[in-house]
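Shown next, in structure tokens, is the structure this report addresses.
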Amino acid sequence: MIKGLTLLRSASTPAAFDRLGSFFAALGFEPGPGWVNGANRGSSFRAPLATIEWIDGAADTPADLLIEVTSLGAVRDAAEAWLRAHAAEGATEAETLQSLQATLSRIEPTVWKTELFTAEPVPGIRIAFWEWAEPLKGKPAAMEGDLVVTGMRFAIVVARWNAVITDRLLQGSLDALLRSGARREDIEIVRVPGAWEIPDAARTLAETGRIDGIITLGVLLRGETAHYEAIYNEVSRGIGQSQQETGIPHAFGVLTCETLEQALDRAGLKAGNKGFEAASAAIEMVSLKRKIKAAPVQGSAL
Ligand code: DLZ
């Protein structure tokens, strides 16, 4: 029956309210609905998991608000970049550095086998970010990619045929990339006439060496496509072959549907958005391949 948990915190001033909203957005929180009621305002931010924890005794708590993350280093980089960008107006480099030291801690191990840093984007509001030091704690051994796009460049190859649907897939892919922290300048969008042309464009992009992951988007309608099987087989084979031969992950976002209605459902209407899913898979695969390559001995990067 329990559905969600909301932690209400009052920002001390309107400026503090705006700063906190900006800080949380910079760290990649999904924004929830905001509200205005007379002079009062609210802005909400969502996390996939929420926990409330009551403590008996005088535990050494680093902050009232603890946020569990993956890729703690990348989150700290984002926090530091935000704090630098929002330093007091006219502050010298030395003053900015001094303020950073006071408002952002280093990543330190804790007694509860995690690593943690704290940030104070607004005076008096200290937030702790943490990650399990042993990410496999309690889990079977598996190497997994993260949904963090730091230092990655993506290309989206999108077919113009059935554009009413492929445009929605494109929106879904962009949504996934931008919400995962991608910069607009790190995303190339390439439009091709139809699904048939996707493998050729994808391969050309993969061979440039400037792209880390490719998202392929198209729609093939069985009812309206002559030689449907032949086209579908060639498109999927071509995308797969480009992936295997270039070593660049190619996410497959080519819908194969009986009808336009079915395709619309899979492009955000009723059954998720395949473009969003494909982009998430591309991010995960780029991250996973980097981890696999960085692991000197089997399992040591886990
Ligand atoms: C020709 C064609 C047909 C009949 N159906 C589709 C389709 O459902 N989805 C799609 O993306 N493209 C289709 N095309 C176009 C081909 O993919 C290709 O663009 C043209 O044949 C030109 O090479």
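For ligands, and for the atoms within them, numbers begin at 1 and follow the listed sequence.
- The distance from ligand 1 to the heavy atoms of V219 drops below 4.0 Å at these ligand atoms: 7 (C), 8 (O), 9 (N), 10 (C), 11 (O).
- Taking any N or O of A195, backbone or side chain, at least one lies under 3.5 Å from an N or O belonging to ligand 1.
- A distance of 9.0 Å separates CG in L27 from CH2 in W82, rounded to the nearest 0.5 Å.
- Within the structure, the salt bridge (charged side-chain N to carboxylate O under 4.0 Å, His left out) test picks out no pair touching residues 246-257 (sequence neighbours left out).
- Near G194, the atoms of ligand 1 lying under 4.0 angstrom from a non-hydrogen atom of the residue are 11 (O), 12 (N), 17 (O), 19 (O).
- For the pairing with V219, the side chain to side chain contact (heavy atoms under 4.5 Å, CB included) check across L255, V254, L264, T256 returns one residue only, L255.
- Shown here are the side chain to side chain contact (heavy atoms under 4.5 Å, CB included) partners of L8, two or more places apart in sequence or in another chain: T6.
- Taking every non-hydrogen atom of W196 and a distance limit under 4.0 Å, the qualifying atoms of ligand 1 come out as 16 (C), 17 (O), 18 (C), 23 (O).
- Close approach to N162 involves these atoms of ligand 1, each under 4.0 Å from a residue heavy atom: 7 (C), 8 (O), 9 (N).
- Of the inter-residue distances, the one linking T103 atom OG1 with I125 atom CD1 reads 13.5 Å to the nearest 0.5 angstrom.
- Listed by number with element, the atoms of ligand 1 under 4.0 angstrom from any heavy atom of L221 are 8 (O).
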